[in-house]
Structure formats: C-alpha cells, structure tokens
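Treat the numbers as computed from the prediction; the structure is a model and nothing was measured. Nothing fancy with the numbering, it's 1 onward along the sequence.
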Amino acid sequence: MRQIVYSVLAILLVASTLPAQTRTIAERLGHPRDAKLLILHADDMGVAHSENAASFDALDKGAVNSGSIMMPTPWVTEVVEYAKTHPNADLGLHLTFTSEWLPYRWGGVAPRDQVPSLYDPDGTFPKLTKTAVARAKVDEVEKEIRAQVDRAYALGLKPTHLDSHMAVLYSSPELYRTYVKVARSYRLPFTFHGAMGPELRAALTDNDIVPATVIMAEVAKPRDEWMRFYLDAVRNLKPGLSEILVHLGYDDSELRAMTAPYDVFEAKWRQRDYDVMTSPEFKQALKDNNVVLVTWRDIQKAMYPTP
C-alpha cells in the first residue's frame, strides 16, 4: 500500500537571523509570541466549476479561510462574481505556468508572441514543472506574472497574496527573485514551499512574512488515513506560522473528466480534501490544539500597513 507522504517543509525564516528582541511573526500579527498560527488555504480556484463550488462552500463555512486563483483558467469569472459578493474573502493568485491535465489545456495571459519560452508547440503551457523551468526566460516570466496580476485587478479582484502553481516559481533562484520582486511591487505577500536554500533565502528581507511550515498531502490514500494525516498535522503544529494547502472539489463528472487518468490531485482526492476540511473532527482538532487561524490579508496588513 502506498504511503501518504506529507511535505511538512520547513523554511528558514528571516526572523531566525534577527536579534532575539525582534518581534516574532505571531507578535507582528497581534498574537502571543508562542501562538500556533495557521492558514487553511484552498489552491486551484478557477480551474473548474466543481473546484470553485467546493471552495466557495468551504470558505462560507469557515472550513478554509484563504484561497488562490489560477488566472489563465476558464472558470475565473465565476470566482470574480463570488469575490464581488464576498469582499472580505481572502483570495490571492495562484500564478500559473503549467497546464497539467491531458484533456484540459490552457495558455497564459500575456500575448503569446511576447512570452514564447513559456509555451509548448501546441500553444499551451507545458504539463511538467521541470519543463516549464528549463525553458522559461526570466524576463518573459516577469511579463506573465504581471499580466496575471493585472488581469485580476482589471476584473475587479483585489488579491491578498501570490503563490505558485506546481511550485514553478520556487524552482530556481532566478525565478524566485523575479516572483518576489513583482510581489513587492504590488505590495502583496508571497509564499514558498520546498527546501529553501541560501540562494532563495537571500531574496527575503526583514519585512517579509513567510510560513515556517507548509503541509500538503502528496499521495492518495483511503479516507480514514486521509483524515488521520490532517489530524496528525494539526497535532504536530509548532508555534509560529504554518499553512495547510488543500485542493477542494466534488467527485462529479466534470472533475472526473478533467483529471482523468491521474490518481493524484484528481476528483476523489479533491473530494476527500473537502470532506476532511468540512468535518467536525478537523474543526475539533483545531480547537483542541489551540490553533489560531490567520489569513494572508492579516499578513498583508502587517507587511504593508496603511499610512
């Protein structure tokens, strides 16, 4: 039986290099120094109606408190309509440079002739992160990031943060520096998950607030073990800022058609993430472990306070 692997990926925070008297991230966000802060974050909004519907429901129930949107995908306008009626929703942008599903493809937002290194010959983004990273020219990546952010604003969205679909922008120091530079230019927080080495840490400043731990299920497993994974993740949280990344959706005909023939991050996967996040057991685990939920909007205010 395949083991569920969860990437509780520790990041060396800038705060760890600062003097002891400097305020911790928890203190900067208005909480006690030893508080366990957590963002419950729904990825991939905009990719499908099923994904949107499950994410909206989880946001409305408080089962997750944040999400991010894939601007090149076809169902973005449905998220825009949700955001208009839920102006306090904590929604960022899931910057997208891959198109991973076999029967369901997309390209980017910037004009294709301005960013040719980002495309496959068929006119869509590549399926794999390693392909996107190997081909991408940094100046073209910056154009596409800015195009995705600008489209969000043009549609009336007010993103609270940026992150990277399939970790493309975390996969080289040059791409990460570009991503961080653009995020700062829009006064938006940004995140990272993976093994952050010295070259990537060098992109951070004292003002940046980045989760110390990012948790994501990475291999399919039966429902009872799925639940156990997330409950264990909550029990094992340490003081500081952590983030749980989930992918929510309903196991319906739309999502099954979109994600075939994969068995990771597919329709059943997304249904199980939804089932766990909306369960009484998960809600009780947060309470029993004294977890304080925070949002990227809270982080944005701390990083870029209004004058």
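- Between Glu100 and Lys127, none of the side-chain N atoms (NZ, or NE/NH1/NH2) sits under 4.0 Å from a carboxylate O, so this pair counts as no salt bridge.
- For Arg223, there are no salt bridge (Lys or Arg N to Asp or Glu O under 4.0 Å) partners two or more places apart in sequence or in a different chain.
- No hydrogens or angles considered: nothing links the side chains of Arg297 and Asn65 as a donor-acceptor pair under 3.5 Å.
- The side-chain heavy atoms of Glu51 and Trp75, taken from C-beta on, include no pair separated by under 4.5 Å.
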For Leu169 and Val141, what are the C-alpha separation, side-chain angles and deciding distance, and is it a side-chain contact (heavy atoms from CB on, under 4.5 Å)? CA-CA 9 Å; Leu169 298 175; Val141 169; 3.7 Å; yes
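- At least one cation-pi condition fails for Arg105 and Phe125: the charged atom is not both under 6.0 angstrom from the six-membered ring centre and inside a 45 degree cone around its axis.
- Environment of CD in Glu199: sparse, with no more than 12 heavy atoms of neighbouring residues, nucleotides or ligands closer than 6.0 Å.
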Asp263 vs Trp269, test: side chain to side chain donor-acceptor pair (under 3.5 Å). Steps then yes/no. CA-CA 8 Å; Asp263 64 353; Trp269 180 297; over 6 Å; no
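- Using a 4.5 Å heavy-atom threshold, the side chains of Phe282 and Leu40 count as touching.
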Stepwise side chain to side chain donor-acceptor pair (under 3.5 Å) check, Asp150 with Tyr186: CA-CA 10 Å; Asp150 289 344; Tyr186 288 93; 2.7 Å; yes
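- Just one of Asp44, Asp251, Asp43 meets the salt bridge (Lys or Arg N to Asp or Glu O under 4.0 Å) condition when paired with Arg270; it is Asp44.
- A donor-acceptor contact under 3.5 angstrom links the side chains of Tyr82 and Asp60, judged on distance only.
- Side-chain atoms of Asn52 and Ser55 include no donor-acceptor pair closer than 3.5 Å.
- Using the six-membered ring where Trp is involved, His41 and His161 have ring planes that are perpendicular, over 60° apart on the 30 and 60° scheme.
- Not a single salt bridge (Lys or Arg N to Asp or Glu O under 4.0 Å) links Asp252 to another residue, sequence neighbours left out.
- Of the residues Arg177, Lys137, Lys181, the one that meets the salt bridge (Lys or Arg N to Asp or Glu O under 4.0 Å) test with Glu142 is Lys181.
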